[in-house]
Structures are given as C-alpha cells and as structure tokens.
Amino acid sequence: VAARMYRVITKYINGQVLIAAIAAGFALVALLIAGAIFNVSVNAIALSGIVFLFGLIPLIGNTLAAAVVVLICLFSSLGLAIAMAVFFLVYQQVENVSLQPYIQAKNNEMTPLLVFIAAIVGGSFGGLFGAFIAIPSAACLKILLEEYIARRGETEVASLQEN
C-alpha cells in the first residue's frame with residue numbers, strides 16, 4: 001500500500017511539473033507573438049521561466065505568474081500587458097477545466113471530476129496548504145479504500161468458504 005501511495009505522489013508531482021512546463025511553453029509563444037505585434041522587446045524566456053516556477057503551485061500558481069508577467073509587461077507597453085492579461089485569462093480557464101484535471105487524473109488513476117473536486121475542496125478548506133495536498137491526499141485515500149474493500153472481500157469469501 002505504501003509503495004502504491006509513493007507512486008501516486010510521485011506521479012502527482014510529475015504531472016504538476018508537466019502542467020507548469022506546458023503553461024510556460026504557451027506563455028513563451030504568447031510573449032514572443034505579442035512582443036512582435038506591439039514591437040516591444042521583452043525577455044520572453046525569463047518571463048516564461050517565472051510562469052514555470054509559479055506554475056508548480058497548484059490552483060493559484062498561474063494566477064500569481066500572470067500578475068507578475070502582466071505587471072512586468074506593463075513597464076514595457078500597455079498593449080502588451082493587456083494582451084498578456086487576456087492570454088492568461090483564457091489559458092487559465094482552459095487549464096483549470098480541462099488540462100489539469102485530465103493530466104492529474106491520468107497520473108493518479110482518478111477521474112478528472114474527482115481531481116477537480118479534490119482541488120476545489122482542498123483549496124477551500126485548507127487554503128494554499130490544502131491546495132498542495134488535495135489531489136495526492138484524495139489519491140491516497142482512494143488507494144486505502146480500494147485496499148480495505150479488497151481485504152474485506154477476501155475476508156467475506158474466506159468466511160463463506162468455512163461455512
């Protein structure tokens with residue numbers, strides 16, 4: 001059971017890194033395109049690195065990254081800042097509803113709906129700490145429940161065989 005829980009937690013962390021890398025990649029492309037459109041030079045690689053680092057924080061990481069990137073872009077150009085704010089608004093909606101639940105569900109052997117509910121409940125009750133541990137906790141509880149049901153079923157089968 002402990003080995004299964006360890007794998008679930010490792011897969012959760014790997015999934016979060018993948019989600020952060022995807023967000024950073026899209027932010028890099030958006031920054032390069034918006035910078036070219038508005039004829040503004042920004043350090044797109046550094047800003048996408050910020051998106052990656054903040055993206056490791058579940059639920060609120062991309063919001064924090066968006067605020068930092070938009071603020072930095074505001075120093076260069078108002079149009080660039082507005083374009084990036086619109087990009088992050090759209091991207092976060094897509095990620096929170098489809099990308100994150102799908103990736104975490106595949107990695108943790110849970111349904112996307114269960115991942116979404118766990119993330120919302122964990123963030124609501126536990127704040128930032130709850131957001132960090134919500135999905136792996138739900139996956140570990142699922143493993144414990146499966147193990148309990150399997151052992152209970154074995155016990156019932158054994159007692160039926162004795163009778």
Side-chain angles (χ1 to χ4, degrees), residues 4-143:
R4 285 180 62 198
M5 288 181 176
Y6 175 77
R7 279 193 303 270
V8 163
I9 292 171
T10 302
K11 287 180 179 181
Y12 168 74
I13 292 169
N14 291 340
Q16 199 62 34
V17 169
L18 177 62
I19 291 168
I22 291 170
F26 277 113
L28 177 65
V29 171
L31 282 163
L32 291 173
I33 291 171
I37 290 172
F38 292 104
N39 199 20
V40 177
S41 67
V42 292
N43 193 343
I45 295 174
L47 292 177
S48 64
I50 290 172
V51 171
F52 175 77
L53 290 176
F54 279 102
L56 295 174
I57 303 170
L59 296 179
I60 64 165
N62 282 336
T63 305
L64 296 174
V68 170
V69 170
V70 169
L71 184 64
I72 291 172
C73 289
L74 190 59
F75 289 121
S76 299
S77 164
L78 178 63
L80 179 64
I82 291 171
M84 291 311 298
V86 169
F87 161 76
F88 280 115
L89 183 65
V90 171
Y91 176 78
Q92 286 176 4
Q93 297 307 309
V94 171
E95 180 187 286
N96 290 341
V97 174
S98 62
L99 188 65
Q100 183 169 8
Y102 178 76
I103 289 174
Q104 292 299 352
K106 288 291 183 188
N107 286 339
N108 294 317
E109 302 168 10
M110 297 182 348
T111 64
L113 180 61
L114 186 59
V115 170
F116 188 68
I117 291 171
I120 289 176
V121 168
S124 298
F125 286 122
L128 183 59
F129 181 71
F132 272 123
I133 66 167
I135 296 170
S137 296
C140 289
L141 286 173
K142 179 181 176 258
I143 289 170

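Along the sequence shown, residues are numbered consecutively beginning with 1. The structure displayed is predicted, hence computed values, not measured ones.
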* Side-chain donor or acceptor of Q92 paired with backbone N/O of N62 under 3.5 Å -> yes
* Asked: Counting only heavy atoms not in I45, do more than 12 fall under 6.0 Å of its CD1?
  -> no
* **Gap separating the CZ atom of F88 from the SG atom of C73, nearest 0.5 angstrom** => 7.5 Å
* Asked: For the residue pair V40 and S76, what are the closest heavy atoms and their distance?
  -> CG1-CB, 3.4 Å
* Asked: How long is the gap from OG on S137 to CD1 on I9, to the nearest 0.5 Å?
  -> 7.5 Å
* To do: Kindly say whether G55 contributes a backbone atom to a donor-acceptor pair with the side chain of Q16 at under 3.5 angstrom?
  => yes
* To do: Flag the pair V42 / I72 as yes when at least one side-chain heavy-atom distance between them is below 4.5 Å, and no otherwise.
  => no
* Check A134 against G122 and note the closest heavy-atom contact, atom names and distance. => CB-CA, 3.7 Å
* **Closest heavy-atom pair and its distance - M110, A138** => SD-C, 3.9 Å
* Asked: Could you state the interatomic distance from OG1 (T111) to NZ (K142), rounded to the nearest 0.5 Å?
  -> 8.5 Å
* Taking C-beta and beyond as the side chain, do V68 and L64 meet within less than 4.5 Å on heavy atoms? -> no
* Report the distance from atom CD1 of I103 to atom CG of N14, rounding to the nearest 0.5 Å. => 11.5 Å
* Asked: How long is the span from the CD1 atom in I117 to the OG atom in S124, to the nearest 0.5 Å?
  -> 11.5 Å
* When rounded to the nearest 0.5 angstrom, what is the spacing between CG in L32 and OG in S48? -> 8.0 Å
* **Nearest heavy atoms of Q100 and N96, plus distance in Å** => OE1-OD1, 4.0 Å
* **Within residues 24-72 or reaching into it, pairs that qualify as ring-ring contact (aromatic ring centres under 6.0 Å, His included) - sequence neighbours excluded** => F26-Y91
* Asked: If you take all heavy atoms of A27 and M84, which pair is closest and at what distance?
  -> O-CE, 4.3 Å
